[in-house]
Amino acid sequence: MLFFLVLVQPGMWLRRDPVHHVLAAAQLLLFASIMPSIMPTDLPYAADAEVSLSYDELEVLRLQYQKELAQSHVTVQTKFNYAWGLVKSPVREHQVEGVRLLQDIYRTEPTRRRECLYYLALGYYKMGNYADAKSFNDILLDKEPTNLQAQSLASLVEQAVTREGYVGMALAGGMAALGTVVIAGLIRRAVRK
């Protein structure tokens, strides 16, 4: 007979037979729900920035932000939610506005700086501004060197910079080859005359 261990409470393991797999699944869900308190990392991975909100979801955030703006009191959470929704958008103007709002939160809300560092880095990464993405992410990694999301983003930024470098080298090589062909053609034409 097969046996496996399941977590009932942190630090307490019980042996169960396969018949109790439903109970085990529920206990694992409980474990997953308490994981944030064990491993405090509430930042999304970079891939989450690629998943856009629907038009309706972004519109809800926009309307809430504009409502609070009209009342001359925008809560930090409303501004943050709207900024993150904009950063996730595939529309470049939305991303730029989202980064601008995040920068404003970063400047004015010291308690939200940690979060903003990562989201700013993600925003800049998504816009292709790898230097700023690296800069903000490096600040976060200096404060939290074991932050898995920041480490993952650092790797993605490095890959993008490398890829961009290869494209740049290919373009430079292509331009050099084209220049050589043009010069050779001019020399050949001058020799024939």
Side-chain angles (χ1 to χ4, degrees), residues 7 9-11 28-54 57-58 60-62 64-65 68-69 73-172:
L7 181 73
Q9 294 175 4
L28 289 174
L29 287 174
L30 171 67
F31 177 69
S33 71
I34 63 169
M35 275 304 291
S37 64
I38 296 170
M39 297 179 65
T41 178
D42 53 351
L43 300 174
Y45 281 92
D48 189 45
E50 300 299 326
V51 179
S52 302
L53 297 179
S54 71
E57 291 168 326
L58 187 57
V60 166
L61 295 174
R62 185 186 67 77
Q64 179 65 32
Y65 176 76
E68 291 182 17
L69 194 59
H73 178 69
V74 178
T75 65
V76 176
Q77 192 61 50
T78 295
K79 185 185 275 190
F80 184 85
N81 291 345
Y82 183 48
W84 179 229
L86 289 170
V87 165
K88 290 171 62 103
S89 171
V91 179
R92 175 129 176 122
E93 292 80 24
H94 289 175
Q95 296 167 359
V96 170
E97 178 65 9
V99 165
R100 187 191 66 74
L101 291 171
L102 287 168
Q103 287 172 331
D104 186 47
I105 295 169
Y106 182 79
R107 280 191 302 276
T108 60
E109 300 294 331
T111 60
R112 299 297 290 263
R113 284 193 179 141
R114 172 193 169 268
E115 256 181 313
C116 284
L117 282 171
Y118 182 72
Y119 286 94
L120 282 165
L122 269 177
Y124 282 122
Y125 169 76
K126 189 161 181 198
M127 292 188 305
N129 184 340
Y130 304 124
D132 284 338
K134 182 175 178 2
S135 175
F136 280 103
N137 200 51
D138 284 349
I139 294 169
L140 180 58
L141 282 170
D142 285 344
K143 295 174 187 279
E144 299 179 20
T146 60
N147 185 309
L148 296 177
Q149 289 86 347
Q151 289 173 0
S152 171
L153 182 57
S155 175
L156 289 174
V157 169
E158 288 303 318
Q159 289 172 9
V161 168
T162 301
R163 185 174 49 249
E164 213 172 62
Y166 289 145
V167 169
M169 287 189 303
L171 288 174

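We count residues from 1, following the sequence as given.
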Full working for side-chain contact (heavy atoms from CB on, under 4.5 Å) between His94 and Leu58
CA-CA 10 Å; His94 289 175; Leu58 187 57; 3.9 Å; yes
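- Contact between Ala150 and Leu140 at its shortest, heavy atoms only, is CB-CD2, 3.9 Å.
- Residues passing the side-chain hydrogen bond (donor to acceptor under 3.5 Å, both in side chains) test with Gln103 are Tyr124, sequence neighbours excluded.
- The structure places CZ of Arg114 at 14.5 Å from CD1 of Ile139, a figure rounded to the nearest 0.5 Å.
- Closest heavy-atom contact between Leu102 and Ala83: CG-CB, 3.7 Å.
- Looking at Tyr119 and Phe80, their side chains come closer than 4.5 Å, going by heavy atoms from C-beta outward.
- Atom CG of Asn137 is separated from atom CG of Asn147 by 8.0 Å, given to the nearest 0.5 angstrom.
- Note: Tyr118 OH to Leu141 CG = 10.0 Å, rounded to the nearest 0.5 Å.
- Expressed to the nearest 0.5 Å, how far NZ of Lys88 lies from CD of Gln95 amounts to 12.0 Å.
- Under the side chain to side chain contact (heavy atoms under 4.5 Å, CB included) criterion, Ser54 pairs with Asp56, Glu57, not counting sequence neighbours.
- Remark: Glu68 pairs with Gln64, Thr75, Thr78 by the side-chain hydrogen bond (donor to acceptor under 3.5 Å, both in side chains) rule, at least two apart or across chains.
- With sequence neighbours excluded, no residue forms a side-chain hydrogen bond (donor to acceptor under 3.5 Å, both in side chains) with Glu158.
- One finds the CG atom of Leu61 at 6.5 Å from the CG atom of Leu53 (value rounded to the nearest 0.5 Å).
- In this structure, Lys79 places its NZ atom where more than 12 heavy-atom neighbours from other residues, nucleotides or ligands lie under 6.0 Å away.
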Assess whether side-chain contact (heavy atoms from CB on, under 4.5 Å) is satisfied between Arg92 and Met127, documenting all intermediate values.
CA-CA 7 Å; Arg92 175 129 176 122; Met127 292 188 305; 3.0 Å; yes
Between Leu117 and Lys143, is the side-chain contact (heavy atoms from CB on, under 4.5 Å) condition met? List the steps.
CA-CA 11 Å; Leu117 282 171; Lys143 295 174 187 279; 4.1 Å; yes
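- Annotation: salt bridge (Lys or Arg N to Asp or Glu O under 4.0 Å) contacts of Arg62 (sequence neighbours excluded): Glu59.
- Taking 4.5 Å as the limit, every side-chain heavy atom of Val96 sits out of range of all side-chain heavy atoms of Val99.
- Between the side chain of Lys126 and the backbone N or O of Ser89, at least one donor-acceptor pair lies under 3.5 Å.
- No donor-acceptor distance shorter than 3.5 angstrom exists from the side chain of Glu109 to the backbone of Val76, with no hydrogens or angles considered.
- A search for side-chain hydrogen bond (donor to acceptor under 3.5 Å, both in side chains) contacts involving Tyr82 returns nothing, not counting sequence neighbours.
- Across all non-hydrogen atoms, the minimal contact from Leu86 to Leu101 is CD1-CD1, 4.0 Å.
- Without hydrogens or angle criteria, Thr108 side chain to Asp104 main chain gives a donor-acceptor distance under 3.5 Å.
- Tyr106 does not carry Arg112 over the face of its six-membered ring by the limits of under 6.0 Å from the centre and within 45° of the normal.
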Carefully, step by step, assess Gln77 and Asn81 under the rule side-chain contact (heavy atoms from CB on, under 4.5 Å).
CA-CA 6 Å; Gln77 192 61 50; Asn81 291 345; 2.8 Å; yes
